[in-house]
Amino acid sequence: MQDHQRPQTSSCPPDQNPPPPPPGGGGASPRISCPPPPRLRHRLCSLHFLQTRKSRLVSLHYHDKGFTKLQSPEKSILLFRQMIEHSVRPDEFTFPGVLKACSKLRALKEGEQVHAHVVKLIYGFGSTEFVENSLVYMYASCGRLKLARQVFDGMSERSVIAWSSMISGYVRCSHWQEAVGLFRKMLQIGVGFNEATLISVLTACGRLGDLELGEWIYKYVVENGLVRNDSLMTSLVDMYAKCGRVDTARDLFDIMSTRDVVAWSAMISGYSRSNRCKEALALFRDMQNANVEPNEVTMVSVLSSCAVLGALQTGEWVHSYIKKKNLKLTINLGTTLVDFYAKCGCVDRAIEMPSKNVWTWTALIQGLASNGQGKKALRYYNLMLQENVDPNDVTFIGVLCACNHAGLVDEGRSYFVSMIRDFGIEPRIEHYGCMVDVFGRVGLIEEAYEFIKNMPIKPNAVIWRTLLASCRVYRNVEIGEEALKHVVRLEPVHSGDYILLSNLYASIGRLEDATKLRNEMKMLGIKKNPGYSYIELDGIVHEFLAEDSGHPQSPEIYKAIENMMEKIKVAGYVPDKLQARLEAEEDDKEASISHHSEKLAIAFGLIRTSPGSTIRISKNLRICSDCHSATKIISKVFSREIVIRDRSRFHHFKDGSCSCNDFW
DNA sequence: TTAGGGTTAG
């Protein structure tokens, strides 16, 4: 039985009052019935028949192509138009269907025309309830929430479906707070609700992180034996995952009786959003073993996980699967593909993607910028403007990043002005951060410092950290010390900041200060976040931690490292012992550095990939400076191109140098 | 005849 055919369940609190009488004095007002004349009625029946037959034919046509259950909303609208042209009078049964078609296509203009006919013919109806519910949903689907609400507020009777239509309308337009607000109102006045209502509300709970209401619904679901409703369970899985309770989500997912593509997609997305990307890919494999066909929505989460892990081969397989199965390259999927290729260091393949909207363009601009192709990124920004696509705030983060990676100070300044002047975008802290980087990266430390002091919003730790990083490169101790003070005040336990200043001291020969700072870190109990490096081989992502011996091939890897370090030392590599673990004994410092996660991953890559092939590694933190200088030499000695993506950018190592020009 | 689950860029 369909859920909407089930009797409406009552709202949860048992002591809740029955629903008050509808505003306007109660029951439905008597309406004048006006049936169409017999001849017209016959034509109306023929059209209904034609509509049904055509829908069925279209449905079969899609089915052949691998689509199921897909109606043809375009035909529905066309037939409605023909009805009107043939002077066939639509009735209360005709409108909901055509309005649903308008909702599906988000066809506002057509929807409004239908509404005009509703107004014209309203006195011929037995009841307007279904039509008004459909109007509410049509306007909301077309993003016209105010109009939807006007229809809703003007209804003489509001059933659970009317409320649910309005709530789902809010959800469709990402107005989560309003959706939850309306649900609470429903509870307050005792309208009751059903499973469909809960599904919409759970979506809103997930987006708002409203675990309290989400859990209340979960309890209701369990107490009322609704756990067999798989759609409702999927919504619960999604809600728990979005509220950060991924393991609870997994427990619910595991007890579901049947799992369709939506349930699998929800769980995979849950892992992906929680940065548990290896689990996301593992679950994707389980999904394939369970013979559930993924769709374009599944692929968005799978590709996002591949992007985070730098899993190029798996992502490439996904891309060819998309082509093979003719999955629709939606804007979401296209954007995710652009982002995936860019994040795997293959930005040229990202360019091949059809750029469609501001998201896709932004992903491309960002990708080019982080891969060190700033000027090209700006060319694409101009191309985007030529195609009349307006940039948004995130686009400008990409544009400003492109300027700082390419050392384009004047351009950076002018884009910052253009953002406000030409597009009315108020700069956020991230935009100010980009500007500090624009100045700092070319050595304009004083200017960057002045810029921070004149910011209209309070600088955060990221801003000061950006300045500190520039001070390290340009050896500006005075402003560097000042920057660290601010950083520590704002975020007292961030190990990387101490390391930046300590390296700055070391680089100008103030070794005592460097050691003092490191000891201070030790005394304050500030520990370094564990750094992970990932490398993908034959579709399997291997993960390494510093001084890790958990890998099954660990003995071979350590042997390869020994060989690698010996060879690069001959070529001029000098280990930077300041990068060693703080608590490491003096004699162990060199070994500690040589067992950093990046080096383990590179050594593994050297022994497991064919000579001359590119080694691709991803790291969750910034690459350490010792690994950076070692990798430059490794690329030369072993004739390998090595691409390392760290948390902020790409490093393409080739012939002894790096694309970042030693600034990152 | 009307309402219901999963997706993207810093």
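Values in this document were obtained by computation on a predicted structure and should not be read as measured data. Letters A, B, ... are given to chains in the order of the sequence lines, protein chains preceding strands, and every chain is numbered from 1.
- Considering all non-hydrogen atoms of both residues, A:H431 and A:D393 come closest at NE2-O, 2.8 Å.
- Using a 4.0 Å heavy-atom criterion, one finds that A:S265 contacts the bases of the nucleic acid, with or without backbone contacts as well.
- Contact annotation for A:T298: base contact, defined as any heavy-atom pair under 4.0 Å involving a base atom.
- Residue contacts for A:V261: at a heavy-atom cut-off of 4.0 Å it reaches a base atom on one of the strands shown.
- Listed candidates were B:dT2, B:dG5, B:dG4. Nearest to the side chain of A:S168 is B:dG4.
- Taking both residues in full, the closest heavy atoms of A:M256 and A:D230 are given as CE-O, 3.6 Å, listed atom of the first, atom of the second, then distance.
- A sub-4.0 Å separation between OP1 or OP2 of B:dA3 and a side-chain N or O of A:K100 is present.
- Under 3.5 Å, the side chain of A:D260 and the base of B:dG5 form at least one donor-acceptor pair of N or O atoms.
- Between A:Y240 and A:Y218, the two ring planes are perpendicular [angle over 60°; tilted spans 30° to 60°].
- When rounded to the nearest whole Å, the span between CD of A:E129 and P of B:dA3 equals 13 Å.
- Residues A:T94 and A:M83 form a side-chain contact, since some pair of their non-hydrogen atoms from C-beta on lies under 4.5 Å apart.
- Note: CE (A:M138) to C1' (B:dT1) measures 16 Å, nearest angstrom.
- Residue A:R273 is classed as a sugar-phosphate contact, given heavy-atom separations below 4.0 Å to backbone atoms only.
- Distances shorter than 4.0 Å separate some side-chain N or O of A:T203 from OP1 or OP2 on B:dG6.
- Which of B:dT7, B:dG6, B:dG5 sits closest to the side chain of A:V300 comes down to B:dT7.
- In the set B:dG5, B:dG4, B:dT1, the nucleotide with an atom closest to the side chain of A:V262 is B:dG5.
- Set against B:dG5, B:dA9, B:dT7, the side chain of A:N332 has B:dT7 as its closest nucleotide.
- Using cut-offs of 30° and 60° on the angle between ring planes, the pair A:F423 and A:F396 is tilted.
- Listed nucleotides: B:dA3, B:dG4, B:dA9. Nearest to the side chain of A:S200: B:dG4.
- Computed from coordinates, the A:E92 CD to B:dT2 P distance equals 13 Å when rounded to whole Å.
- Here the C1' atom of nucleotide B:dG6 and the CE atom of A:M299 are 14 Å apart, to the nearest Å.
- In this structure, A:M256 places its CE atom 13 Å from P of B:dG6, rounding to the nearest Å.
- The nucleotide whose nearest atom lies closest to any side-chain atom of A:N229 is, among B:dA3, B:dG4, B:dT7, B:dG4.
- Annotation for A:R228: atom CZ does not count as buried by contact number, only 12 or fewer foreign heavy atoms lying within 6.0 Å.
- In this entry the distance linking CG of A:L226 with P of B:dG5 reads 17 Å, nearest Å.
- Between A:E178 and A:R149, none of the side-chain N atoms (NZ, or NE/NH1/NH2) sits under 4.0 Å from a carboxylate O, so this pair counts as no salt bridge.
- Regarding contacts with the backbone of B:dT7, a side-chain N or O of A:R207 is found under 4.0 angstrom from either OP1 or OP2.
- Comparing B:dG6, B:dA3, B:dA9 by their closest approach to the side chain of A:W359 singles out B:dA9.
- Whole-Å rounding puts the A:N133 CG to B:dT2 C1' distance at 5 Å.
- Here B:dA9 is the nucleotide among B:dA3, B:dA9, B:dG6 with the atom lying nearest to any side-chain atom of A:V394.
- Other residues, nucleotides and ligands contribute at most 12 non-hydrogen atoms within 6.0 Å of the CZ atom of A:R144.
- Within 4.0 Å of A:T362, counting heavy atoms only, lies at least one base atom of the nucleic acid.
- The base of B:dG6 lies close enough to the side chain of A:N295 for a donor and an acceptor atom to sit less than 3.5 Å apart.
- Applying the 5.5 angstrom centroid cut-off and the 30 degree plane-angle cut-off, the aromatic ring of A:F93 is not stacked upon the base of B:dT1.
- For the segment residues 233-251 of chain A, the set of residues with a heavy atom within less than 4.0 Å of an atom of DNA chain B comprises A:T234, A:S235, A:D238, A:K242, in numerical order.
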Query raised in the report: Can you list the steps and then say if A:S304 with A:T336 is a side-chain hydrogen bond (donor to acceptor under 3.5 Å, both in side chains)?
Result: CA-CA 7 Å; A:S304 296; A:T336 312; 5.0 Å; no
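- Rounded to a whole Å, the CD atom of A:Q366 is 12 Å from the C1' atom of B:dT8.
- In terms of phosphate contacts, A:S269 brings a side-chain nitrogen or oxygen within less than 4.0 Å of OP1 or OP2 of B:dT7.
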